[in-house]
Amino acid sequence: MKRVYMYDVVVTGGGTAGVAAAVGASKAGAKTLLIERNPYLGGEATHSGVSAFCGFYSCGADPVRVVKGVGDLVLEEMKHLGVGTDDIISPSGNRNINFRPEYLKCALDNLMMREKADFFLHAYVIGVKKEGRNLQVLRCIDDEGEFEVKAACFVDASGDANLAHLSGAETTWGDREKQVQAATMPFRMSGVDTSCDMSPAAVEKAILKAKEEGIPHLTKEKGFILKNKGSDIVTVLLPSVLPTGLSAEELTRLETETRRQVLYYVQALKKYMHGMELGELSVIGPSIGFRETRKMKGRKTITAEDVLTRRKYEDGVARGGWKPEIHKDVNKMGTYLEVEKGSYFDIPLGALQSADIDNLYGAGRMVSADETAFAAVRVMGTCFATGHAAGVAAALQALYGAADVENVRAELKRQKALV
């Protein structure tokens, strides 16, 4: 007998946006399920080992807090686990929050269970059933076979707009030349003397010397090494490739190519980076980290002008504090477009609503944005904010038939989000 589950709201994808959406929807009173294909929650933060939250604060000097709500609940849960998080000023001059990915997995489990948001791990969405402009059913599969999930509203937080794509909704890929930002395979090394200079300039000096000495398969010459206070483990962000699609064939190429790069970067860093001579490779990935793939076409699209002028909207449901950070060259650091310090822009509800499917919301790095704006909204702090907003909107639509923006804003404020 086929398994069938009934919910008010279903979220696909368990990264920062997905967790925020599920918790926000559940706190708003909706019976909520999150579906995740990996064995744990966290997305890029855990599955790709990116151990820093960017976007909780605005960029540059005198940063202001722009993300709270579910994001704060996650930070509080990390403190309850006894590890906490570190507010640091990164080598790029921005205020980030560093964390330990393995503990984050458990913190997200705890938060979801405490807020009574159900979640299925090891589950894949393989198809949908629609009626007109509305999704009705997700066809899913696990190791026991196929099952169905029915709901009134859905949130796509897959990062790759997978649910939107399966639903036939319009999506976009990259810029006008169909190029997306570079993907990076993070890796971690233990036994590192973190008192030494780990700046991008020091990294560049070491990698250039390694290239001159003939160490192969090195792409980016300057990148970030992320440290945690009191730890000899660092996260290295260097091996990079440019994705051209999401097929199994292409993903296999990306994963194997960057894993090969990791081994040579470890060799180069141990030989030429002071403080890393005794370092040991501890974790690769385990999955490549994407900055940009498919994006959902929304009822509104966030523009470069919105981000650069720090535009405010009456229908704003989330705040973005990051500046455009564009990675289009696998051999170079990202380029930044400067914005007014201590400032933020509003993300309107329409950028989280599918233009084609009336009960589908999108959150995280698939929100509707042009090329430049996307480079500012894709970071994980902002993913918490857009996920939270999408989850609340989906809950109100599921429960009351509509997601009036004033009601969405009021519920987000009740849940201590910044709007």
Original post:
Is it true that a side-chain atom of Gln261 and a backbone atom of Ser240 form a donor plus acceptor pair closer than 3.5 Å?
Top reply: yes

Original post:
Any side-chain donor-acceptor pair under 3.5 Å between Asp370 and Thr372?
Top reply: no

Original post:
Is any NZ, NE, NH1 or NH2 atom of the basic residue among Arg414 and Glu411 found under 4.0 Å from an Asp or Glu carboxylate oxygen of the other?
Top reply: yes

Original post:
Does Thr85 use its side chain to pair, donor to acceptor, with the backbone of Phe99 at less than 3.5 Å?
Top reply: no

Original post:
Does one side chain, of Ser26 or Glu115, offer a donor that lies under 3.5 Å from an acceptor on the other?
Top reply: no

Original post:
Does Thr386 reach the main-chain N or O of Gly364 with its side chain, forming a donor-acceptor pair under 3.5 Å?
Top reply: yes

Original post:
Between Arg100 and Ser231, is a side chain to side chain contact (heavy atoms under 4.5 Å, CB included) present by the stated rule, with each step listed?
Top reply: CA-CA 10 Å; Arg100 290 161 174 78; Ser231 174; 4.1 Å; yes

Original post:
Is the closest side-chain heavy-atom distance between Tyr265 and Ile207 below 4.5 Å?
Top reply: yes

**OP:** Might you confirm whether atom NE2 of His217 has over 12 heavy atoms from other residues, nucleotides or ligands at distances under 6.0 Å?
**Re:** yes

Original post:
Do the side chain of Glu148 and the main chain of Val4 share a donor and acceptor less than 3.5 angstrom apart?
Top reply: no

Original post:
When rounded to the nearest 0.5 angstrom, what is the spacing between CZ in Arg253 and CD1 in Ile288?
Top reply: 8.5 Å

**OP:** Go through the steps to decide whether Thr293 and Arg365 satisfy the test side chain to side chain donor-acceptor pair (under 3.5 Å), and finish with yes or no.
**Re:** CA-CA 8 Å; Thr293 55; Arg365 60 179 176 84; 3.2 Å; yes

**OP:** Let me see the working for Arg3 and Glu144 under salt bridge (charged side-chain N to carboxylate O under 4.0 Å, His left out), right down to the final yes or no.
**Re:** CA-CA 10 Å; Arg3 291 168 291 158; Glu144 291 289 351; over 6 Å; no

Original post:
Hey, does the side chain of Asp306 reach the backbone of Thr303 with a donor-acceptor pair shorter than 3.5 angstrom?
Top reply: yes

Original post:
Does any non-hydrogen side-chain atom of Phe53 lie less than 4.5 Å from one of Leu104?
Top reply: yes

**OP:** Would you verify whether the NZ or CZ of Lys68 falls within 45 degrees of the ring axis of Phe384 while also being under 6.0 Å from that six-membered ring's centre?
**Re:** no

Original post:
Under a 4.5 Å cut-off applied to non-hydrogen side-chain atoms, are Gln415 and Val392 in contact?
Top reply: yes

Original post:
In this structure, are over 12 heavy atoms from other groups packed under 6.0 Å from Lys205 atom NZ?
Top reply: no

**OP:** Could you tell me whether Arg65 sits above the aromatic face of Tyr57, with NZ or CZ closer than 6.0 angstrom to the six-membered ring centre and within 45 degrees of the axis?
**Re:** yes

Subject >> Leu218 versus Ala268, closest heavy-atom pair with distance >> reply: CD1-CB, 4.3 Å

Original post:
Can His274 and Glu277 be counted as having a side-chain donor-acceptor contact under 3.5 angstrom?
Top reply: yes

**OP:** Please test Asp160 against Ser158 for side chain to side chain donor-acceptor pair (under 3.5 Å), starting from the C-alpha separation and ending with a verdict.
**Re:** CA-CA 5 Å; Asp160 303 313; Ser158 64; 5.6 Å; no

Original post:
Which value, rounded to the nearest 0.5 Å, describes the distance between Thr184 atom OG1 and Phe290 atom CZ?
Top reply: 10.5 Å

**OP:** For the pair Glu371 and Lys328, evaluate salt bridge (charged side-chain N to carboxylate O under 4.0 Å, His left out) and give the outcome as yes or no after the intermediate values.
**Re:** CA-CA 11 Å; Glu371 177 192 0; Lys328 287 293 182 76; 2.9 Å; yes

Original post:
Parallel under 30°, tilted from 30 to 60°, perpendicular over 60°: which one fits the rings of Phe147 and Tyr5?
Top reply: perpendicular

**OP:** Among Asn162, Thr172, Thr171, Asp156, find the residue that satisfies the side-chain hydrogen bond (donor to acceptor under 3.5 Å, both in side chains) test when tested with Arg294.
**Re:** Asn162

Original post:
Does CZ belonging to Arg409 count more than 12 external heavy atoms closer than 6.0 Å?
Top reply: yes

Original post:
Given Glu221 and Lys211, is the salt bridge (charged side-chain N to carboxylate O under 4.0 Å, His left out) satisfied, shown in steps?
Top reply: CA-CA 9 Å; Glu221 296 159 355; Lys211 284 187 173 183; 2.9 Å; yes

**OP:** Compare all side-chain heavy atoms of Leu246 with those of Leu251 and state whether any distance is below 4.5 angstrom.
**Re:** yes

Original post:
How about Thr235 and Ser51: does a side-chain donor come under 3.5 Å of a side-chain acceptor?
Top reply: yes

Original post:
Is there a donor-acceptor pair closer than 3.5 Å between any side-chain N or O of Ser48 and the backbone N or O of Val50?
Top reply: no

**OP:** State whether the number of non-hydrogen atoms from other residues, nucleotides or ligands found under 6.0 Å of Lys312 atom NZ is greater than 12.
**Re:** yes

**OP:** Please examine the side chains of Met198 and Met273, heavy atoms only from C-beta on, and report whether any two atoms are closer than 4.5 Å.
**Re:** yes

Original post:
Of all heavy-atom pairs between Val66 and Arg319, which one has the smallest distance, and what is that distance?
Top reply: O-CB, 3.6 Å

Original post:
Would you call Glu213 and Lys271 a salt bridge, using N to O less than 4.0 angstrom?
Top reply: no

**OP:** Would you mind reporting whether Leu41 and Leu34 have side-chain heavy atoms less than 4.5 Å apart?
**Re:** yes

Original post:
Got more than 12 heavy atoms from elsewhere within 6.0 Å of CG, Leu278?
Top reply: no

**OP:** Report yes or no: is the cationic atom of Lys209 (NZ for Lys, CZ for Arg) under 6.0 Å from the centre of the six-membered ring of Tyr272, at an angle within 45° of the ring normal?
**Re:** no

Original post:
Do you know the tightest heavy-atom contact between Val236 and Met276?
Top reply: CG2-CE, 4.4 Å

Original post:
Which atoms form the tightest heavy-atom contact between Val317 and Ala389, and what is the distance?
Top reply: O-CB, 3.5 Å

Original post:
About how many Å separate OG of Ser287 and CG of Leu254, when rounded to the nearest 0.5 Å?
Top reply: 10.0 Å

Original post:
What are the two closest heavy atoms between Ile302 and Pro348, and how far apart are they?
Top reply: CG1-CD, 4.2 Å

Subject >> Nearest-0.5 Å distance, CE of residue Met78 to CG of residue Asn110 >> reply: 11.0 Å

**OP:** Indicate yes or no: at least one non-hydrogen side-chain atom of Val419 is less than 4.5 angstrom from one of Lys413.
**Re:** yes

Original post:
Is it true that a side-chain atom of Asn359 and a backbone atom of Cys153 form a donor plus acceptor pair closer than 3.5 Å?
Top reply: no

Original post:
When rounded to the nearest 0.5 angstrom, what is the spacing between CG in Asp8 and CG in Leu33?
Top reply: 11.5 Å

Original post:
Would you say the side chain of Lys220 lies within less than 4.5 Å of the side chain of Lys332, judging by non-hydrogen atoms?
Top reply: no

Subject >> Rounded distance (nearest 0.5 Å) linking atom CG of Asp143 with atom NE2 of His122 >> reply: 8.0 Å

Original post:
Just by distance, do the side chain of Asp86 and the backbone of Lys229 share a donor-acceptor pair under 3.5 Å?
Top reply: yes

**OP:** Test salt bridge (charged side-chain N to carboxylate O under 4.0 Å, His left out) on Arg378 and Glu292 and set out the steps.
**Re:** CA-CA 8 Å; Arg378 65 176 178 78; Glu292 179 182 17; over 6 Å; no

Original post:
Would a distance-only check, ignoring hydrogens and angles, find a side-chain to backbone donor-acceptor pair under 3.5 Å from Asp87 to Ile97?
Top reply: no

Original post:
Any idea which heavy atoms bring Ala351 and Ile347 closest together, and the distance?
Top reply: CB-CG2, 4.5 Å

Original post:
OH of Tyr336: more than 12 outside heavy atoms within 6.0 angstrom?
Top reply: yes

Subject >> Asp346 side chain to Tyr313 backbone, donor-acceptor under 3.5 Å >> reply: yes

